[in-house]
Amino acid sequence: EVAGDRTTVEVSDLMAQGIAEDIAREYVAGRHDVRLNDATHIVNAFERFDACVNKAPHFLAAIASRAVAANRCWFFDRNGSCDVNWEEVASECVAIAIKEAWELSDTHLALGMLSTQRFEMKHAVRALVRSLEINPMSHEAQEYLGGIEIETGLVDRGMPRVVYAATAIP
C-alpha cells in the first residue's frame with residue numbers, strides 16, 4: 001500500500017507540472033521497472049520511457065530516464081543476443097538527453113554509464129560527479145562512482161558510496 005501511495009503522489013506531482021495523467025502513470029511505471037534487475041523489466045522500462053518521450057517530446061525527465069534505461073539494456077545484452085543494437089540506441093539516447101535535458105542528474109548518470117561501458121573511466125567519473133552535484137541522493141550514481149573508486153584502489157572513498165547505494169530506498 002505504501003508503494004501505491006507513493007505512486008499516486010509521484011503521478012500527482014507530474015500532473016501538477018503539466019504532464020498528462022496517462023503519460024505520468026507510464027513514466028512512474030517505467031521508474032519502477034528500471035529498478036528491477038532483470039532484462040525483461042529493463043526493456044519494459046525503456047519502452048515505457050520511449051512511449052512517454054514520443055507522446056510528450058519535452059518531458060525532460062523521461063528523456064533522461066530513457067537514456068539510463070537504454071544503457072541498462074545494453075549492459076544486459078552484452079553478447080548481442082537480441083535484434084536491437086543497444087549500444088547504438090544508448091548512444092543516441094544519451095546524445096538526445098545531453099542536448100535536451102543537460103540540467104538533470106539522470107542525464108549525467110546515463111553519460112557516466114555509457115562511458116563506463118566503453119571503459120572511458122575519466123569521462124565516466126566526470127559525468128557521475130556531475131550527476132551527484134545535481135542530486136547527491138542518486139543511489140545509482142553513488143553505486144557507479146563507488147564501483148569505479150573501489151576498482152581503482154580508492155576503497156575508502158568507494159565503500160561508503162556502495163553501502164549507501166545498497167541501503168537507499170529508491
Side-chain angles (χ1 to χ4, degrees), residues 3-78 80-118 120 123-124 126-145 168 170:
D5 291 343
R6 188 170 28 169
T7 296
T8 301
V9 169
E10 289 180 70
V11 169
S12 295
D13 287 348
L14 290 168
M15 290 173 60
Q17 297 171 35
I19 304 299
E21 182 177 359
D22 63 322
I23 297 169
R25 289 192 180 286
E26 191 77 13
Y27 175 78
V28 170
R31 294 295 291 181
H32 173 76
D33 283 349
V34 81
R35 294 178 186 128
L36 301 174
N37 206 21
D38 70 76
T40 301
H41 283 98
I42 301 302
V43 171
N44 286 344
F46 173 82
E47 291 171 349
R48 289 179 186 277
F49 296 139
D50 195 49
C52 289
V53 172
N54 288 330
K55 292 177 187 174
H58 301 292
F59 185 6
L60 301 183
I63 292 169
S65 293
R66 179 179 64 175
V68 170
N71 275 290
R72 295 204 66 202
C73 289
W74 180 26
F75 176 81
F76 276 99
D77 189 44
R78 289 296 285 183
S81 61
C82 75
D83 294 336
V84 177
N85 181 340
W86 286 113
E87 179 180 6
E88 184 177 307
V89 171
S91 295
E92 290 171 4
C93 289
V94 169
I96 291 167
I98 288 169
K99 181 180 176 194
E100 302 292 331
W102 179 252
E103 67 278 8
L104 298 183
S105 175
D106 277 355
T107 294
H108 297 276
L109 170 62
L111 178 57
M113 293 169 77
L114 183 67
S115 297
T116 300
Q117 289 284 89
R118 293 179 172 163
E120 299 167 345
H123 295 293
R126 274 188 235 129
L128 294 167
V129 166
R130 181 65 185 131
S131 177
L132 290 169
E133 288 171 350
I134 297 167
N135 178 11
M137 305 300 285
S138 171
H139 68 283
E140 204 164 4
Q142 292 282 5
E143 180 181 21
Y144 263 86
L145 184 55

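- If you take OG1 on Thr8 and CG on Asp13, they are separated by 11.0 Å, rounding to the nearest 0.5 Å.
- In this structure, Tyr27 and Phe59 have tilted ring planes: the angle between them lies in the 30° to 60° band.
- When side chains are defined from C-beta on, Leu145 counts as touching Val129, because their heavy atoms get closer than 4.5 Å.
- In this structure, Asp106 CG and Ile134 CD1 are separated by 9.5 Å, a value rounded to the nearest 0.5 Å.
- The shortest side-chain heavy-atom distance between Arg31 and Arg48 does not fall under the 4.5 Å cut-off.
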*asked:* For a side chain to side chain contact (heavy atoms under 4.5 Å, CB included) check, start with the C-alpha distance between Glu26 and Phe49, then their side-chain angles and the critical distance, and finish with the verdict.
replied: CA-CA 7 Å; Glu26 191 77 13; Phe49 296 139; over 6 Å; no
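- Inter-residue side-chain proximity for Leu14 and Val11 is flagged as unmet; no heavy-atom pair is nearer than 4.5 Å.
- Side-chain atoms of Ser91 and Gln117, non-hydrogen and from C-beta on, never get closer than 4.5 Å to each other.
- Across all their heavy atoms, Ile42 and Ala69 have their closest contact at CG2-O, 3.8 Å.
- The shortest distance between side-chain heavy atoms of Glu140 and Arg72 falls below 4.5 Å.
- The backbone N or O of Ala101 lies less than 3.5 Å from a partner atom in the side chain of Thr107, making a donor-acceptor pair.
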*Check step by step if side chain to side chain contact (heavy atoms under 4.5 Å, CB included) holds for Leu36 and Asp33.*
CA-CA 5 Å; Leu36 301 174; Asp33 283 349; 4.3 Å; yes
*Passes side chain to side chain contact (heavy atoms under 4.5 Å, CB included), Leu60 versus Glu103? Steps please.*
CA-CA 9 Å; Leu60 301 183; Glu103 67 278 8; 3.2 Å; yes
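- The distance from the CZ atom of Arg126 to the OG atom of Ser131 is 15.5 Å, given to the nearest 0.5 Å.
- The CG atom of Leu132 sits 6.5 Å away from the OG atom of Ser105 when rounded to the nearest 0.5 Å.
- Glu133 is linked by a salt bridge (charged side-chain N to carboxylate O under 4.0 Å, His left out) to Arg130, counting only residues two or more places apart in sequence or in another chain.
- Closest approach of Trp102 to His108, counting heavy atoms only: O-NE2, 2.7 Å.
- Taking each heavy atom of Ala67 and Ala110 in turn, the nearest pair found is CB-CB, 3.6 Å.
- Between Asn71 and the choices Leu111, Leu114, Val89, the side chain to side chain contact (heavy atoms under 4.5 Å, CB included) rule is met once, by Leu114.
- Rounding to the nearest 0.5 Å places OG of Ser65 at 9.5 Å from CG of Leu109.
- Under the rule for a ring pair (Phe, Tyr, Trp, His ring centres under 6.0 Å), Tyr144 has no partner lying at least two apart in sequence or in another chain.
- Heavy atoms only, all atoms of each residue included: Arg118 and Trp74 are closest at CG-CH2, 4.0 Å.
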*Under the side chain to side chain contact (heavy atoms under 4.5 Å, CB included) criterion, do His32 and His41 qualify, and how do the steps go?*
CA-CA 9 Å; His32 173 76; His41 283 98; 5.9 Å; no
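- Atoms CD1 and NZ, from Ile19 and Lys55 in turn, are 12.5 Å apart once rounded to the nearest 0.5 Å.
- Residues satisfying the side-chain hydrogen bond (donor to acceptor under 3.5 Å, both in side chains) criterion with Glu21, sequence neighbours excluded, are Arg25.
- A donor-acceptor contact shorter than 3.5 Å links the side chain of Gln142 to the backbone of Pro136.
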